[in-house]
Protein chains: 2
Amino acid sequence: MTTEERVRLQKQFVETIGLEYEKEGMQPVSGRILALLMVMDKECFTFDEIIEELEISKSAASVALRMLQLRNNVEYITFPGDRKRYFRLKRVEPYHIFEETRRKMLRDIENIGKILALKANPDTPNSQFLKEIKQMMEFFNESLDQLKESYLKKHNSTNFSS
Amino acid sequence: MTTEERVRLQKQFVETIGLEYEKEGMQPVSGRILALLMVMDKECFTFDEIIEELEISKSAASVALRMLQLRNNVEYITFPGDRKRYFRLKRVEPYHIFEETRRKMLRDIENIGKILALKANPDTPNSQFLKEIKQMMEFFNESLDQLKESYLKKHNSTNFSS
DNA sequence: TATTCAGTTCGTAACTACACGAACTAAAAT
DNA sequence: ATTTTAGTTCGTGTAGTTACGAACTGAATA
């Protein structure tokens, strides 16, 4: 595979991944920028490079980049004597990617609790079903910490063994 | 708390939960219907009851109910000699609620794999970061089955003991 | 056969989100 | 002091959603 071919496939894949992010509720431009930073070989893009590569306006890039930084997906670095911002993927600890799932689950647990508290009869099939769902979520949520620990243990042990 | 108070709080909560579903990407009317079926004491609502309770049009209800059935959140039952459909929450196995998370994660794993395959250099900080994320997701995905099993075991054992 | 019932489909109007370009800002260079 | 650089903010047009009412369908009833 030649370099040109690879780059062509990468640019194509930026669009694909961008579309997926869009379907998951992200705004189109934000999704494309995030995909760009993940897929391409260049690790840091300037504002103008992003605009040029994705053919979007400055304002669209500005708004999208602010959101991506707020969401903790993107950060920028700067260099002395250079006013440009160099945007790149924010490299968070891998297990942080479940934080959002966890927050959502905690909200759900709380909501179901409130629903159950308002029920006239806590033993109807619906109430029972909601209780089961809540239990499952609570169990799962408690397991997350353990899972994180065992991942770290496994990850470290491979560093020492072999 | 009187019954009227409880029902008032329930109706209020339908709106709150509906809004949350909306923020998670569900259509407004679908979110309200799902919330209605979760929160209220009545376990089965007819088409007309839903329309009346939420003050929506027949067409809006029709479209939303079709989507909720496709998404496996709602089902309806019928009774002989009664043409009405009685809509209610679909009571799936609790651990099914993670199926969507899992599917999304498998897609992500696949996508990151493709991204890495297209990288010129697999050892840059970005590539390393993506690899770690992928590993974490793979570990997590493998743990899900185990988690499900141990949930079932725990759930059953409490049925026999004490 | 006509009518009612229980929804579905379709066309439309109102609303919303998105991205654009133009105007603006703040800091640095000339 | 003026110009350039590197973005940000704002107002607007457009495209896409959403929900409505009216017309329709298909089954059951009269």
Side-chain angles (χ1 to χ4, degrees), chain A residues 14-15 17-37 42-71 73-88 90, chain B residues 14-15 17-37 42 44-71 73-90:
Chain A
V14 166
E15 204 55 33
I17 305 261
L19 257 171
E20 272 186 39
Y21 277 129
E22 203 178 330
K23 275 179 199 143
E24 282 166 29
M26 197 173 264
Q27 293 161 275
V29 171
S30 301
R32 301 306 186 287
I33 293 180
L34 194 51
L36 188 77
L37 298 181
K42 201 202 295 262
E43 306 252 305
C44 292
F45 281 77
T46 67
F47 195 87
D48 287 324
E49 285 169 344
I50 290 172
I51 285 170
E52 203 195 346
E53 194 64 57
L54 297 177
E55 302 180 77
I56 55 175
S57 69
K58 286 168 78 176
S59 49
S62 176
V63 170
L65 281 167
R66 181 175 33 192
M67 160 173 298
L68 288 170
Q69 289 170 84
L70 277 172
R71 284 181 44 121
N73 296 129
V74 166
E75 63 183 355
Y76 66 82
I77 51 170
T78 53
F79 300 100
D82 184 352
R83 265 188 284 159
K84 285 195 184 74
R85 293 170 191 180
Y86 292 83
F87 295 94
R88 66 179 185 195
K90 177 138 185 185
Chain B
V14 166
E15 203 55 33
I17 304 261
L19 256 172
E20 274 186 38
Y21 277 130
E22 203 177 331
K23 275 179 199 144
E24 283 167 29
M26 197 172 263
Q27 292 161 276
V29 171
S30 301
R32 301 306 186 287
I33 294 180
L34 194 50
L36 188 77
L37 299 181
K42 200 201 293 264
C44 291
F45 282 75
T46 67
F47 194 88
D48 287 324
E49 285 169 342
I50 291 171
I51 284 170
E52 201 194 350
E53 195 65 57
L54 298 177
E55 301 180 76
I56 56 176
S57 68
K58 286 169 77 177
S59 48
S62 175
V63 171
L65 281 168
R66 180 175 33 191
M67 161 174 299
L68 288 170
Q69 289 170 86
L70 276 172
R71 284 182 43 122
N73 296 128
V74 166
E75 63 183 357
Y76 66 82
I77 51 171
T78 53
F79 299 100
D82 184 352
R83 265 189 285 159
K84 285 195 186 73
R85 292 171 191 181
Y86 292 82
F87 294 94
R88 66 179 186 195
L89 277 190
K90 177 137 184 186

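Numbers restart at 1 for each chain; the letters A, B, ... are given by sequence-line order, proteins then strands.
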Visitor: So, using side-chain contact (heavy atoms from CB on, under 4.5 Å) as the criterion, who are the partners of B:E22 when residues are at least two apart?
Guide: B:L19, B:P28, B:R32
Visitor: Heavy atom of residues 24-32 of chain B under 4.0 Å from DNA chain C: which residues?
Guide: none
Visitor: Kindly write out the residues that satisfy ring-ring contact (aromatic ring centres under 6.0 Å, His included) with B:Y21, not counting sequence neighbours, or none if the list is empty.
Guide: none
Visitor: Got a sec? Which of residues 44-59 of chain B come in under 4.0 Å of DNA chain C, heavy atoms?
Guide: B:F47, B:K58, B:S59
Visitor: List for me each residue that meets salt bridge (Lys or Arg N to Asp or Glu O under 4.0 Å) alongside A:R85, sequence neighbours excluded, and say none if there are none.
Guide: none
Visitor: Quick one: list whatever passes ring-ring contact (aromatic ring centres under 6.0 Å, His included) with B:F45, sequence neighbours left out.
Guide: none
Visitor: Please report the end-to-end axis angle for the helix from C:dT1-D:dA30 to C:dT30-D:dA1, five pairs per end, rounded to 10 degrees.
Guide: 10°
Visitor: Can you name the residues that form a salt bridge (Lys or Arg N to Asp or Glu O under 4.0 Å) with A:K42, not counting sequence neighbours?
Guide: A:E49
Visitor: If you look only at distance, which donor and acceptor atoms sit under 3.5 Å apart when one is on a side chain in residues 58-71 of chain B and the other is two or more places apart or in another chain?
Guide:
{"unit_1": "B:S59", "atom_1": "OG", "unit_2": "B:S57", "atom_2": "OG", "d": "3.2"}
{"unit_1": "B:Q69", "atom_1": "NE2", "unit_2": "B:L65", "atom_2": "O", "d": "3.0"}
{"unit_1": "B:R71", "atom_1": "NE", "unit_2": "B:N73", "atom_2": "OD1", "d": "3.0"}

Visitor: Taking only residues two or more places apart in sequence or in another chain, which ones pass salt bridge (Lys or Arg N to Asp or Glu O under 4.0 Å) with B:E75?
Guide: B:R88
Visitor: In residues 74-85 of chain B, what residues come within less than 4.0 Å of DNA chain D, judged by heavy atoms?
Guide: B:R83
Visitor: Using a 4.5 Å cut-off on heavy atoms from C-beta on, say whether the side chain of A:I33 contacts that of A:L54.
Guide: yes
Visitor: Using atom CG of A:L68 as one end and atom P of D:dT8 as the other, report the distance to the nearest whole Å.
Guide: 12 Å
Visitor: Taking 5' to 3' order, which nucleotide of DNA chain C is first and which is last to have an atom within less than 4.0 Å of a heavy atom in chain B?
Guide: C:dC5 to C:dC10
Visitor: D:dG16 C1' sits how many Å from A:K23 NZ, rounded?
Guide: 16 Å
